[in-house]
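This report concerns only the one structure given below.
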Amino acid sequence: MIQDLIKAQLAYAIQQLFGIEIKPEAVVIEKTAANFEGDFTYVVFPLLKISKKNPEQTAQVIGDFLLQHFPELETFQVVKGFLNLSIKSDYWLRFLQSVGSNQNYGMAEPNSKEPVLVEYSSPNTNKPLHLGHIRNNLLGFAVAEILKANGHKVFTCNLVNDRGIHICKSMYAWMQFGNGETPESSGLKGDHLVGKYYVIFDKNYKQEIKDLIEKGLLEEDAAKHAPSILAAQDLLVKWEAGDEQTLAVWKMMNGWVYKGFEHTYQKLGVQFDQFYYESNTYLLGKEIVQEGLSKGVFFTKENGSVWIDLNEEGLDQKLVLRADGTSVYITQDLGTAELKFQDFNCNRSIYVVGNEQEYHFKVLQQIALKLGKTYAAGIYHLSYGMVELPHGKMKSREGTVVDADDLIAEMEHTAKETTQALGKMEGESEEALIQLYHTIGMGALKYYLLKVDPRKKMLFNPEESIDFQGNTGPFIQYTHARIKSILRMVGTHDGNFQLSNIVLSKVEKELMVKLYQYPLVIAEAGKDMSPGVLCNYIYELAKIFSLFYHDHTIMKEENADQKGFRIAACKLTAHVIKSGFALLGIQVPEKM
RNA sequence: GGUCUCUUAGCUCAGCUGGAUAGAGCAACGGUUUUCUAAACCGUAGGUCGAAGGUUCGAGUCCUUCAGGGACUACCA
């Protein structure tokens with residue numbers, strides 16, 4: 001890396017000139033701001049006390065010294081306390097040649113780092129997926145891919161929340177009002193059908209509460225005694241008792257949902273190494289509770305409920321087992337954590353879960369630490385912000401959601417309309433076109449959701465459609481398609497060139513520097529677990545390329561070496577776009 | 001009440017461990033194509049970075065206080 005060379009040279013210069021030992025790693029350099037001449041900048045202000053000179057003089061002396069000892073340095077400029085260094089064009093050209101046709105450019109050695117388990121998606125089985133789930137799925141998938149690119153062995157899993165009162169609500173409503181309706185008879189996708197009864201339940205339940213309040217009950221009591229909630233609770237008891245009829249309905253309705261989810265997952269392009277079902281894991285946590293009691297980490301209250309005191313850690317007392325001996329959410333998660341560790345033997349486990357669960361995961365980690373679990377320190381909650389609508393949070397029960405399937409269909413439709421309006425794809429097969437609309441529509445959606453910092457909440461306005469122009473997935477896909485178009489015309493030209501015959505323009509040099517940064521960006525995205533970092537980078541790359549494309553001819557360039565260089569630059573740009581987008585789960589078309 | 005978090009252009013967002021004149025896109029206005037894909041490129045306009053203090057040679061970035069949004073603080077999952 002050139003950065004390391006520069007740091008070493010700077011450290012050497014400072015030691016020689018001012019007699020102060022500095023470790024090269026401790027030297028801070030940064031990219032030169034766009035409006036100044038140069039590639040890298042060293043800020044000399046911190047050095048003034050030891051240099052005993054003013055900022056300009058200090059920078060000047062260091063620059064002069066570097067020019068004599070650092071062969072890669074072309075020139076330097078001093079602006080106030082900033083030393084701007086320009087690297088020789090040859091360096092960038094040799095870089096381009098050295099990458100050549102390396103298909104793994106930017107990727108770390110596979111499986112060279114510790115294994116990581118990424119849990120994401122984690123849906124409830126009582127309703128279809130919505131925009132919030134899409135963000136979760138895309139984030140989980142992208143983070144897993146980025147970690148792979150950083151050399152980790154990565155496993156992915158999906159913990160399906162398939163039991164509990166919410167499913168019983170859908171089940172009860174279906175049993176009451178469904179008349180045996182099935183996905184086949186209704187033509188509805190399975191998860192949507194079940195979701196429909198979840199909404200029906202809620203409507204009915206609210207009406208019952210209203211009626212009871214009119215009869216003189218307090219709201220709180222009405223909510224507890226409404227017939228439908230009692231019936232749903234009764235179903236849950238039956239389910240836990242293993243009642244055959246209840247289990248049969250449960251299995252049937254969950255089956256519908258899974259089939260629906262499978263379709264949506266396939267559209268989203270996500271997949272998992274392992275599925276876990278809470279109906280299988282919810283009992284496991286109870287063993288951990290016993291373990292915690294025997295180790296004295298947990299304590300029992302008079303009514304028999306089991307708790308942990310986390311006041312010292314700045315948290316409250318937390319329930320881990322109910323008085324009736326049934327498990328709660330945290331109990332299950334403790335069990336699942338143990339099971340995941342047994343299955344994958346991973347000490348690092350990432351949970352892609354919304355930020356509303358931050359407290360929960362703090363508690364989970366603290367309990368695991370107190371129990372002395374080896375995997376405790378590696379529990380990491382990748383907490384992402386909610387997707388909000390202009391009027392606030394999405395609520396499935398109230399029907400104020402942006403449905404995943406609807407949105408995907410809408411994106412594909414917009415892609416189709418836009419493509420047809422531009423009329424560049426005439427003569428393509430119907431099959432290829434459908435694939436293209438999917439690629440572009442999903443490219444727009446995925447990029448839109450992934451470009452913002454995962455930790456921040458984001459706003460989605462259904463009234464405004466997701467753009468296809470500017471800082472968007474389709475713009476980047478389009479850039480790729482344009483490059484491919486050139487490369488098709490270039491034919492077999494291999495992009496070879498001699499260094500000596502080439503003069504790099506400003507844009508060309510910028511393009512080289514940008515391409516050079518790809519491995520660093522992958523490392524940074526991995527460290528921060530932020531696909532947004534990668535999105536920004538690829539956008540900037542596409543933007544620089546577009547300018548380069550606009551300003552320079554490739555086919556008609558007469559200087560053979562210059563032409564060869566440009567072809568090589570095109571090839572590498574196309575490769576980085578494709579490779580980077582693949583990490584985000586976004587495909588790029590050859591033509592569009 | 002307590003804990004956490006957010007606030008940057010009309011809108012949606014970048015801004016790396018503090019560094020130079022705070023950047024994109026969309027929307028608005030204007031320009032660029034007989035020449036490699038105009039889903040592009042260029043330009044104009046738009047900001048006292050929520051407010052006030054502080055630390056520093058230097059603060060959108062760090063600290064304190066305040067204001068406003070949001071989340072969590074269930075024997076729901």
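In this text the structure is predicted, and so the values were computed from the model without any measurement. Per chain, numbering begins at 1; letters A, B, ... match sequence-line order.
Remark: the Asp39(A) side chain and the Ser86(A) side chain contain no N/O donor-acceptor pair separated by less than 3.5 Å.
Using a 4.0 Å cut-off between charged side-chain N and carboxylate O, Arg163(A) and Glu240(A) make a salt bridge.
Using C1' as the reference atom, U32(B) and U37(B) are 16 Å apart when rounded to the nearest Å. Between U48(B) and G60(B), the two P atoms lie 14 Å apart (nearest whole Å). Atom P of A51(B) sits at a distance of 23 Å from the matching atom of U56(B), rounded to the whole Å.
Closest of all the heavy-atom pairs between Met394(A) and Val402(A) is SD-N, 3.5 Å. Between Gly580(A) and Tyr518(A) the shortest heavy-atom distance is N-OH, 3.2 Å.
Side-chain atoms of Glu557(A) come within 3.5 Å of backbone atoms of Asn559(A) as a donor-acceptor pair (strictly under, hydrogens ignored). Asn124(A) contributes no side-chain N or O that, together with a main-chain N or O of Asn126(A), makes up a donor-acceptor pair within less than 3.5 Å. Checking side-chain atoms of Lys543(A) against main-chain N and O of Ile538(A) turns up no donor-acceptor pair under 3.5 Å.
Of all nucleotides in RNA chain B having an atom under 4.0 Å from a heavy atom of chain A, the first and last in 5' to 3' order are C4(B) to A77(B).
Side-chain contact between Arg135(A) and Leu450(A) is absent, with no heavy atoms from C-beta onward closer than 4.5 Å.
Heavy-atom distances under 4.0 Å link RNA chain B to Thr419(A), Leu422(A), Lys424(A) of residues 419-426 of chain A, given in residue order.
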